[in-house]
Structures are given as C-alpha cells and as structure tokens.
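A short write-up of the structure that comes next.
Side chains included, hydrogens not; waters and symmetry mates left out as well; all remaining heavy atoms used. Letters go in sequence order (proteins before strands), and every chain restarts at 1. Quick caveat, the model's predicted, so the values are computed rather than measured.
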2 protein chains.
Amino acid sequence: MYRSELTRVPSDTIRAALVRRLRTSSGISDDDVKEIEALPIAVRQYPAETPVVRDGERATDCCLIADGFCARSKTIPSGKRQILSIHIPGEIPDLMSLFLHVMDHDLSTLTPCTLGFIKHETLRKLHQRSPSVAELFWRDTLIDSAMFREWIVNVGQRPAPARLAHVMIELRERLRVIERLDGNSFEMPLTQEQIGEALGITAVHANRVIKQLRQEGIAELHRGRVTVLDERKFLELADFDGRYLHQSPTL
Amino acid sequence: MYRSELTRVPSDTIRAALVRRLRTSSGISDDDVKEIEALPIAVRQYPAETPVVRDGERATDCCLIADGFCARSKTIPSGKRQILSIHIPGEIPDLMSLFLHVMDHDLSTLTPCTLGFIKHETLRKLHQRSPSVAELFWRDTLIDSAMFREWIVNVGQRPAPARLAHVMIELRERLRVIERLDGNSFEMPLTQEQIGEALGITAVHANRVIKQLRQEGIAELHRGRVTVLDERKFLELADFDGRYLHQSPTL
DNA sequence: TCCCGGTTCCAACAAAAGTTAAGGACGCCA
DNA sequence: TGGCGTCCTTAACTTTTGTTGGAACCGGGA
C-alpha cells in the first residue's frame with residue numbers, strides 16, 4: 001500500500017493539529033488549550049491497513065491521529081464494505097465511543113499511522129472540570145455528523161464522477177486547515193478498491209471514473225496523491241459547498 | 001398528502017415520548033426526568049409538507065416532535081433532494097443546531113405535526129445545571145449520527161429492494177419504543193417520490209421496488225402504512241442489525 | 001356530483017453501473 | 001535480478017436504474 005510520509009513525530013506536535021483544528025472550527029480559549037495540552041496520551045505506531053477498533057467492540061480509549069490517514073467503515077453480511085469517512089491528523093475519529101459504548105463500525109488505518117490514545121475516563125473527568133471543553137468536543141462530534149449527512153447526499157444523489165470530485169475536495173479543505181496541501185496537489189491514500197467503497201461503486205467503475213477525470217483534464221490521481229488540473233472544472237463538477245464542514249466558530 | 005392521526009395533544013403528553021425514548025436508550029434518573037418535564041416548551045401546529053428550519057438559517061430553538069412525522073433533507077443545485085432521516089414523536093431532530101449555528105440541511109414536516117420549541121438558551125442553562133442531562137442529549141446526537149452512518153451503508157451498498165426494507169424496519173423499531181406499532185403494520189407517511197429521495201433512486205424505480213415487495217409477498221405499502229406480509233423474508237431482505245440504534249443504555 | 005391535482009402505476013427505451021476475466025505495471029523481497 | 005503479489009487498466013457483456021410519457025386512481029373542493 002501507499003506509504004504516508006511518516007517520520008518520528010515529536011511529542012509536542014501530537015496535539016498540534018488537534019488544537020489547530022479546534023481553533024479553526026470552534027475557537028478555543030487559552031485555558032482550554034492548556035487542558036488539552038496536559039492530556040495524557042499513549043502514543044502507538046500502526047502499520048497500514050490495520051484495524052484500530054472493530055465493530056462490536058467496547059472501546060476504553062479515544063484515538064487521536066497524530067500522523068497518517070484512517071478510515072471508518074461498515075461491512076454488511078454480503079461482504080460489501082462501505083467507507084463512511086476518511087480521517088487525517090488532528091482528528092479523533094472515535095470520539096463517539098465516549099457515549100456510544102459498543103462500536104457500530106470499524107476504524108482502521110489506511111497508511112502507517114501514529115496514534116495517540118486518550119482514556120475515556122480522562123476525557124470524562126476533563127468534561128466535568130471544564131464544560132467549555134466538553135462543548136468543544138460535543139461540537140466536534142456534531143461536525144462529524146454533518147459530514148455524514150453530506151456523504152449520504154454524495155452517495156445518494158450525485159453521479160459517480162461528481163462523487164469522486166466531492167470526496168476529493170472535502171479532503172482537501174480539511175487538509176488545508178492542518179497545512180497539508182502541496183500546491184495544487186494533496187495526499188489521498190486510497191486504492192481504487194477503497195475509492196469504490198467510499199463512493200458506493202465497484203472498483204472497476206471507480207477506475208473508469210478516475211480515467212474520465214484524467215482524460216477531461218480535471219484532476220489526476222496517482223499513487224495516493226491528487227493533482228488538480230483545472231480548478232474551475234473541478235469545483236463545478238464536485239458541486240461543493242463547504243458550509244457543512246463548519247470550519248468557523250460562527251457557522 | 002397522507003394524514004397523520006392527529007388529535008389534540010394534551011400538554012402533559014408532549015414530553016412523554018421523549019422521556020420514553022431517553023429511558024430506553026440511555027437510562028435516565030428521576031431528577032433528570034423532572035428537569036425535562038419542567039422545560040418550557042412552546043407548542044405549535046404545522047401542516048403537512050412544511051419547512052420547520054431551512055438550510056442556511058440560524059436556529060434559536062430546538063424542535064421536539066410531539067405528534068406527526070418529520071424528515072431532514074438536503075437539496076443540491078441540480079435540484080435533486082436527498083432525505084437523510086425520518087423523525088417520529090419524542091425526537092428532537094435539530095438538537096445539533098445547539099452547537100452548529102447555521103443549519104446545513106432542511107427540517108420539514110411530512111404529515112401535520114404538533115411541534116414543541118425549546119429555546120437554545122434554556123437548554124444551555126440546563127446543561128450547565130445538570131451535566132447528566134447534557135450527556136443524555138449528547139448521546140442522543142451521537143445516536144443520530146450512528147443512524148446516518150447506517151443510512152450511508154444503505155444507500156451505498158444495498159440493492160434497492162433491501163434499501164427499502166431496511167428503512168422500513170429501522171422506522172418500525174423506533175416506533176416500537178414509543179408504542180406506535182399496530183400489529184404487523186405501522187405508519188410510514190412518505191409518497192413514492194419521497195421514498196425515492198430517501199433511497200437515492202427515482203420515484204419510478206421506487207414504484208418498481210414497492211411492487212416487487214408486494215408481489216413477492218414480503219411487505220405492502222399502502223397510503224402511508226406498511227404491512228409486513230412475511231416477517232422472515234422481510235428481515236432477511238433488509239439485512240437489519242439494530243445495534244446501531246443503541247436502544248439500550250449498555251450499547 | 002364532477003372536476004382537478006397529486007399520486008400511483010406501468011411500458012419502452014436509454015444510460016449508468018456491475019460482473020467477469022485477463023493482461024500489464026510496479027514495488028518488494030528472496 | 002527474477003519472481004510474486006498487489007494494484008491498475010481495459011474489454012465485453014449483463015443487470016440495474018434512469019427517462020419519458022402516459023393512463024388509471026383517489027380524495028377534496030366547487
């Protein structure tokens with residue numbers, strides 16, 4: 001699989017992307033930043049394509065992505081898998097496990113990852129101590145929820161090429177906040193199989209759609225990296241309105 | 001449109017379905033029940049097919065359904081509409097507006113509704129006074145989120161007949177909690193157009209699928225009411241695992 | 001009562017997406 | 001450096017779903 005540019009992550013940068021994200025989407029007081037920076041976090045390395053928490057499990061920790069990409073997914077009895085969301089550094093994809101005790105989906109790595117684990121217990125205590133941090137995290141889970149709503153629209157209503165473009169732009173706008181864009185290109189470390197699972201189409205069809213975007217000079221996807229060829233066409237195709245990301249405290 | 005059996009709802013039953021729901025999914029202390037029963041609620045009647053809050057608006061209240069059915073949806077520029085969820089009495093479909101200030105989707109009635117409005121301000125004060133009620137509501141928004149995840153799977157991975165059966169069973173299991181089942185039948189007041197919008201298919205195809213369920217003796221849908229004809233086939237087709245509804249405090 | 005508008009239902013055809021199968025590219029490792 | 005496994009790519013064919021257009025049904029209001 002694709003390799004994320006994983007270097008040793010110094011301990012003080014583990015929380016950096018999280019704080020940057022919270023600052024962008026919610027505003028956050030200095031006291032709250034201190035609380036978050038004081039949070040005890042157990043850091044562990046995960047290889048690519050590895051489950052972190054599984055559907056049906058009872059989680060005792062929440063998982064902060066320090067580096068690498070993760071995805072959440074559900075697999076139905078027929079064996080088909082649906083990817084529900086893609087996650088990037090600074091996010092806590094399983095924050096919901098704090099109150100939803102049994103996992104109703106899988107969380108797994110896409111690339112090799114550095115993950116920080118925070119005990120539920122610790123978070124619960126923090127919430128009691130600081131209602132403002134609790135609100136911050138609550139809002140974070142609500143933004144997560146808003147992203148699911150848009151994902152439903154994507155899979156339910158847009159033609160396949162627009163679906164792909166939309167997922168690409170959503171990822172880009174989130175990577176922008178944590179300063180992970182590289183000119184007109186950015187990482188999207190999914191195989192075509194996984195892209196299919198994200199868009200609700202087969203891998204073969206995903207391939208057709210990727211080819212189409214390339215041939216029409218809209219965007220290129222090569223070895224887990226998206227390069228935008230024509231920004232105007234790209235935006236138009238994706239039908240993207242980023243309001244649902246709530247990337248501003250006023251939204 | 002279909003008419004919900006809307007009778008005058010006495011003031012003391014407005015909170016009843018909410019309390020029953022919270023009791024089922026989260027457990028709830030007597031003190032919390034008292035807090036909720038003391039909540040000032042402004043009751044209003046809405047006709048069928050009427051917007052309650054619109055995409056882009058800033059809400060100042062949350063809306064508790066006392067009677068009738070509502071739906072949340074998003075409409076994209078091409079004019080296509082996706083229904084994201086169906087809501088029943090006792091639910092607060094726009095609880096998320098407490099922290100997501102600008103609506104990213106529409107909430108509208110399906111049938112004539114009795115709605116109770118609770119000021120954001122009131123809820124925020126309640127949260128400060130009672131962290132346990134805050135957790136209760138937080139968990140409620142997380143269950144909402146879990147339902148979106150399953151909806152993504154439904155639209156993304158299941159064949160159209162299974163999608164329909166799945167939505168039907170989900171609705172049934174939620175109606176069960178508030179004791180709104182009637183033997184082997186229950187209300188599902190959507191037009192075929194709306195069913196299509198919920199499943200990510202066209203109304204014509206929705207019609208084909210409904211016809212198929214009827215012809216195969218699985219379930220019948222007539223005038224906004226589902227009648228299950230063969231429970232075994234119905235469950236098998238729907239591929240339903242209700243864990244994601246978290247209808248127990250231990251889940 | 002009859003008409004009207006919104007549903008429901010259906011058929012014929014078109015387009016999108018799934019299935020199957022197979023060859024080619026590429027990185028990894030022995 | 002050669003072989004292996006994974007991923008990418010494509011073609012041919014099938015199935016599902018969308019589109020268009022029209023008929024039948026049904027309830028409510030004039």
Practice task
Keeping the roles fixed (side chain from B:Trp151, backbone from A:Arg149), state whether a donor-acceptor pair exists under 3.5 Å.
Solution key: no
Handout entry: Atom pair CG/OG1 of A:Leu110 and A:Thr50 - distance to nearest 0.5 Å
Key = 10.5 Å
Exercise for the section: Tell me whether the OP1 or OP2 atom of C:dC9 has a side-chain N or O from B:Lys211 closer than 4.0 Å. Expected result: no
Fill in the blank from the handout: Residues in residues 198-205 of chain B with a heavy atom under 4.0 Å of DNA chain D, by number, are B:Gly200, B:Ile201, B:Thr202, B:Val204, B:His205
Handout entry: Side-chain N or O of A:Arg223 closer than 4.0 Å to phosphate OP1/OP2 of D:dC8
Key = no
Handout entry: Residues B:Arg163 and B:His166: side-chain donor-acceptor under 3.5 angstrom
Key = no
Handout entry: Rounded distance (Å) that lies between atom P of C:dT8 and atom CD of B:Gln215
Key = 17 Å
Exercise for the section: Round to the nearest Å and state the distance from B:Gln157 atom CD to D:dT17 atom P. Expected result: 13 Å
Exercise for the section: For B:Glu193 and C:dG6, give me the distance from atom CD to atom P, rounded to whole Å. Expected result: 12 Å
Problem - Separation of C:dT8 P from B:Gln212 CD (nearest whole Å) - result: 18 Å
Practice task
Return the value, rounded to whole Å, for the distance between atom CG of B:Leu164 and atom C1' of D:dT17.
Solution key: 15 Å
Problem - Nearest non-hydrogen partners of A:Ala160 and A:Val209, listed with the distance - result: CB-CG2, 3.7 Å
Completion exercise
When rounded to whole Å, the CD to C1' distance for the pair A:Gln194 and D:dC8 reads 14 Å
Problem - B:Glu150/B:Arg243 ion pair, N-O < 4.0 Å - result: no
Handout entry: Exam field: side chain A:Gln247 to backbone A:Glu173, donor-acceptor pair closer than 3.5 Å
Key = yes
Exercise for the section: Please confirm whether any donor atom in the side chain of A:Arg208 sits under 3.5 Å from an acceptor in the base of C:dG18, or the reverse. Expected result: yes
Handout entry: Integer-rounded Å distance: C:dT7 P and B:Met188 CE
Key = 15 Å
Practice task
Verify the contact: side-chain N or O of A:Asn207 to OP1 or OP2 of D:dC8, cut-off strictly under 4.0 Å; return yes or no.
Solution key: no
Problem - Interatomic distance where CD belongs to B:Glu220 and C1' belongs to C:dT8 [whole Å] - result: 13 Å
